[in-house]
Colleague: 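Have a look at this one.
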Amino acid sequence: MAKDKPSIPKGTRDFLPGEMVKRNYIFDTIRNVFLRFGFMPIETPAMEQISTLTGKYGEEGDRLLFRILNSGNYLAGVSDDEIIKRDINKLKASLSDKGLRYDLTVPFARFVVQHLNEITFPFKRYQIQPVWRADKPQKGRYREFFQCDIDVIGSNSLLNEVEQIQIIDEIFKNLNMKIVIRINNRKILGGIAEVIGETEKITQITIAIDKLDKVGVHKVNEELAVKGVSERAIRELQPILSLSGTAEEKLNELEKKILPGSKIGRKGVSEMKSLFSYLEPLELEADPILDLTLARGLDYYTGVIIEANSTEMKMGSLCGGGRYDDLTGIFGLNDVSGVGVSFGADRIYDVMEKNGKFPEDTMLTTTLMFVNFGEKEEKFCLPLLDVIRKSGIRAELFPDKVKIKKQMNYANQKNVGYVALVGEDEIKNGVITLKNMKTGGQEQITLDELIEKLL
RNA sequence: GUGGGUGUAGCUCAGUUGGUUAGAGCACUGGAUUGUGGUUCCAGGGGUCGUGGGUUCAACUCCCAUCAUCCACCCCA
């Protein structure tokens with residue numbers, strides 16, 4: 001292959017018109033639901049100060065940050081000693097003070113603190129923008145992908161969680177997708193870690209039990225042991241892993257038998273009981289389930305956590321989020337709690353595409369194309385085109401006088417609905433020959449009739 | 001970061017135990033049809049076989065390295 005063959009960076013993609021029409025269908029659907037629940041749009045820059053991003057996503061997250069090389073002589077502030085030592089972590093600080101955003105939640109927390117005086121609480125915003133992660137690309141995983149976020153900041157009410165679950169349900173219902181909504185609570189996970197005496201290892205424990213469904217209880221126990229969780233703690237964890245029944249039954253079990261000794265754990269249980277009591281009377285398409293193995297990797301979650309997965313296709317989560325009590329605290333604003341969820345537009349696209357969920361009319365392009373017969377006809381057609389477009393019909397004139405066959409082929413490829421042929425005869429008789437590209441039939445009609453027909 | 005698969009025409013891929021001139025379909029261009037596409041038929045253009053090295057009389061084919069890409073793990077949207 002030629003060396004100068006053009007390419008784009010790994011994990012990024014170009015989108016063709018046919019794909020964009022479908023992507024926009026997803027964005028429009030999501031945006032409409034967001035607006036109907038009272039969320040307002042904001043945007044933030046693609047890049048943030050690196051200090052805004054680091055330390056928010058766990059160790060793995062830091063590794064996956066895209067860093068932007070400083071402009072100018074970026075080695076000026078680096079001592080010879082540092083270069084010789086090749087300590088990449090030290091050098092990073094000198095070479096890069098900006099990074100591409102990793103998600104939309106952390107920049108939003110920064111945004112809130114920075115614009116405190118310009119917003120009213122509780123602040124409900126939505127944000128649809130790309131984010132970047134230096135992950136190894138694979139199925140359903142890209143290095144540049146779009147998140148559609150909603151967050152409410154400045155309200156402790158569980159009604160926000162309820163609302164966001166309704167939004168998840170509504171969006172996937174509108175997209176005609178089947179999903180399962182799983183809910184858990186970091187406070188319960190924290191309580192469990194506390195009662196088995198492994199508070200320090202909470203992250204490792206949650207990550208390990210997150211895999212319960214996938215790898216089974218033995219592998220989970222193995223991983224726990226490897227991560228340094230004591231034998232006694234693992235043993236005490238077993239009854240929790242095997243809890244079954246309805247959400248209410250699980251919560252009662254936790255409350256009475258497992259978590260009495262943990263204040264934080266009891267708080268989590270009571271939150272979940274309250275949440276499910278709100279959800280009970282709502283008529284949701286996808287009934288939310290309590291999944292005690294749901295963990296979620298991001299460091300900043302402190303309360304309810306939520307995830308939605310497709311039941312029609314094996315794919316990572318399509319939507320995830322939860323409550324974070326201290327995120328704005330990092331930027332200097334304490335005691336303000338937030339809760340939000342994020343929809344992964346690209347994964348949603350992949351699932352919809354695979355399962356043929358896009359409606360036919362997302363493929364509509366130009367309704368009417370005029371064939372180009374030459375300069376005289378061009379001048380005759382332009383005013384007609386103008387009238388047609390002003391009436392609201394999507395129309396174009398083929399720009400070059402080339403073979404009719406070629407022009408028809410263009411119309412065909414582009415999925416144009418109708419072709420207008422206006423040559424010498426039509427001009428003389430004051431009519432337009434209109435050809436239906438689906439049926440192949442054609443008729444001679446006036447401009448007014450044409451507009452009436454195509455509107 | 002760990003493990004596996006695949007790199008041949010613009011795209012999707014064949015290519016025999018290594019053998020002399022590397023193929024198909026789609027796409028593209030021209031023609032059958034100089035005012036009619038999606039069907040059909042005919043003709044044509046287009047390839048340093050990812051890159052570098054090695055084995056061999058001979059490498060698209062075997063070996064090594066490297067790069068790219070896809071899949072799985074990890075983690076995540």
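A, B, ... follow the sequence lines: proteins, then strands. Residue 1 opens every chain.
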Colleague: With a 4.0 Å cut-off, would you call E375(A) and K379(A) a salt bridge?
Modeller: yes
Colleague: Looking for any heavy atom pair under 4.0 Å, which part of the strands does Y410(A) touch: base, sugar-phosphate only, or nothing?
Modeller: nothing
Colleague: Nearest whole angstrom, please: distance from the C1' of A77(B) to the OH of Y102(A).
Modeller: 10 Å
Colleague: Could you tell me the separation between the NZ atom of K227(A) and the P atom of C75(B), rounded to a whole number of Å?
Modeller: 6 Å
Colleague: Taking RNA chain B as the partner, which of residues 438-446 of chain A come within under 4.0 angstrom of it by heavy atom?
Modeller: K438(A), G440(A), Q442(A)
Colleague: Give me the distance, rounded to whole Å, that separates C26(B) from G45(B) when you measure between the C1' atoms they each carry.
Modeller: 16 Å
Colleague: Between the protein and nucleotides 70-73 of chain B, are there any N/O to N/O pairs under 3.5 Å, and if so, what are the atom names and distances?
Modeller:
residue : atom : partner : partner atom : Å
C71(B)  : OP1  : K139(A) : N            : 3.3
C71(B)  : OP2  : K139(A) : N            : 3.0
A72(B)  : OP2  : Q138(A) : OE1          : 3.3

Colleague: Determine the interatomic distance between C1' on U8(B) and the same-named atom on G15(B); round to the nearest Å.
Modeller: 9 Å
Colleague: Distance criterion of 3.5 Å, no angle test: do you see the side chain of K405(A) paired donor-to-acceptor with the base of U36(B)?
Modeller: no
Colleague: How long is the line joining CD of Q127(A) and P of A77(B), in whole Å?
Modeller: 15 Å
Colleague: When the P atoms of C64(B) and A24(B) are considered, how many whole Å apart are they?
Modeller: 33 Å
Colleague: Check ring pair (Phe, Tyr, Trp, His ring centres under 6.0 Å) between Y349(A) and all other residues, then give those that pass, not counting sequence neighbours.
Modeller: F358(A)
Colleague: Scan E307(A) against the nucleic acid and name what it touches under 4.0 Å (heavy atoms): base, sugar-phosphate only, or nothing.
Modeller: nothing
Colleague: Show your reasoning for whether salt bridge (Lys or Arg N to Asp or Glu O under 4.0 Å) applies to K22(A) and E19(A).
Modeller: CA-CA 5 Å; K22(A) 294 182 202 168; E19(A) 297 171 304; over 6 Å; no
Colleague: My understanding is that only residues two or more places apart in sequence, or in another chain, count here; which of them pass salt bridge (charged side-chain N to carboxylate O under 4.0 Å, His left out) with K10(A)?
Modeller: none
Colleague: Hey, are N415(A) and T365(A) close enough side-chain-wise for a donor-acceptor pair under 3.5 Å?
Modeller: no
Colleague: Give me the distance, rounded to whole Å, that separates G10(B) from C28(B) when you measure between the C1' atoms they each carry.
Modeller: 9 Å
Colleague: Could I get the full list of ring pair (Phe, Tyr, Trp, His ring centres under 6.0 Å) partners for Y126(A), not counting sequence neighbours?
Modeller: F34(A)
Colleague: Going by ring centres under 5.5 Å and near-parallel planes (under 30°), is F145(A) stacked on A77(B)?
Modeller: yes
Colleague: Scan nucleotides 25-30 of chain B against the protein and return all N/O pairs shorter than 3.5 Å with their distances rounded to 0.1 Å.
Modeller:
residue : atom : partner : partner atom : Å
U29(B)  : OP1  : K406(A) : NZ           : 2.7

Colleague: Would you please say whether a donor-acceptor pair under 3.5 Å links the side chains of T199(A) and E194(A)?
Modeller: no
Colleague: With a 4.0 Å cut-off on heavy atoms, is C319(A) in touch with a base, just the backbone sugar-phosphate, or nothing at all?
Modeller: sugar-phosphate
Colleague: Run the ring pair (Phe, Tyr, Trp, His ring centres under 6.0 Å) test against F27(A) and tell me which residues pass, sequence neighbours left out.
Modeller: F146(A)
Colleague: I'd like to know if E223(A) pairs up with K211(A) as an ion pair, taking the criterion as any Lys NZ or Arg NE/NH1/NH2 lying under 4.0 Å from an Asp or Glu carboxylate oxygen.
Modeller: yes
Colleague: Sequence neighbours excluded, which residues qualify as ring pair (Phe, Tyr, Trp, His ring centres under 6.0 Å) partners of F398(A)?
Modeller: Y410(A)
Colleague: M369(A) CE to G38(B) P: how many Å, rounded?
Modeller: 13 Å
Colleague: Heavy atoms under 4.0 Å, any strand shown: does F343(A) hit a base, just sugar-phosphate, or nothing?
Modeller: nothing
Colleague: Taking the C1' atom in each of G23(B) and U61(B), what is the distance between them to the nearest angstrom?
Modeller: 15 Å
Colleague: For residues 441-455 of chain A, pull every pair meeting side-chain hydrogen bond (donor to acceptor under 3.5 Å, both in side chains), keeping only residues two or more places apart or in separate chains.
Modeller: T433(A)-Q444(A), E443(A)-K453(A), T446(A)-E449(A)
Colleague: Provide the distance between the two P atoms, one in A27(B) and one in U39(B), to the nearest whole Å.
Modeller: 7 Å
Colleague: Would you please test R36(A) and E170(A) for salt bridge (Lys or Arg N to Asp or Glu O under 4.0 Å) and show each step?
Modeller: CA-CA 11 Å; R36(A) 246 189 295 145; E170(A) 181 71 15; 3.4 Å; yes
Colleague: What is the distance, rounded to the nearest whole Å, between atom CG of D62(A) and atom C1' of C74(B)?
Modeller: 16 Å
Colleague: Just jot down the side-chain hydrogen bond (donor to acceptor under 3.5 Å, both in side chains) partners of Q238(A), sequence neighbours excluded, or say none.
Modeller: N221(A)
Colleague: When rounded to the nearest Å, what value does the distance between C1' atoms of U48(B) and G7(B) take?
Modeller: 16 Å
Colleague: Considering only the P atoms, how many Å lie between C13(B) and C71(B), rounded to the nearest integer?
Modeller: 13 Å
Colleague: Could you say whether A308(A) or K435(A) is positioned toward the 5' end of RNA chain B, judged by the nucleotide with the nearest heavy atom to each?
Modeller: K435(A)
Colleague: Using whole Å, what does the distance between atom P of nucleotide C75(B) and atom CH2 of W132(A) come to?
Modeller: 26 Å
Colleague: Between atom CD1 in I404(A) and atom P in G35(B), what is the gap in whole Å?
Modeller: 6 Å
Colleague: Give the rounded distance in Å between these two atoms: CD1 of I150(A) and P of A77(B).
Modeller: 14 Å
Colleague: If pairs are Watson-Crick or G-U with both distances under 3.5 Å, what is the dot-bracket string of RNA chain B, marking crossing pairs with [ ] and pairs to another strand with |?
Modeller: (((((((..((((.....[...)))).(((((.......))))).....(((((..]....))))))))))))....
Colleague: Check for a donor-acceptor pair, side chain of N174(A) on one end and backbone N or O of T29(A) on the other, with a separation under 3.5 Å.
Modeller: no
Colleague: If we count only N and O atoms by modelled type, under 3.5 Å, do the side chains of D325(A) and Y301(A) hold a donor and an acceptor together?
Modeller: no
Colleague: Report which part of the nucleic acid L318(A) touches: base, sugar-phosphate, or nothing (heavy-atom distance under 4.0 Å, all strands).
Modeller: sugar-phosphate
Colleague: I432(A): which residues meet the side chain to side chain contact (heavy atoms under 4.5 Å, CB included) condition with it, sequence neighbours left out?
Modeller: L384(A), A420(A), V422(A), L447(A), L450(A)
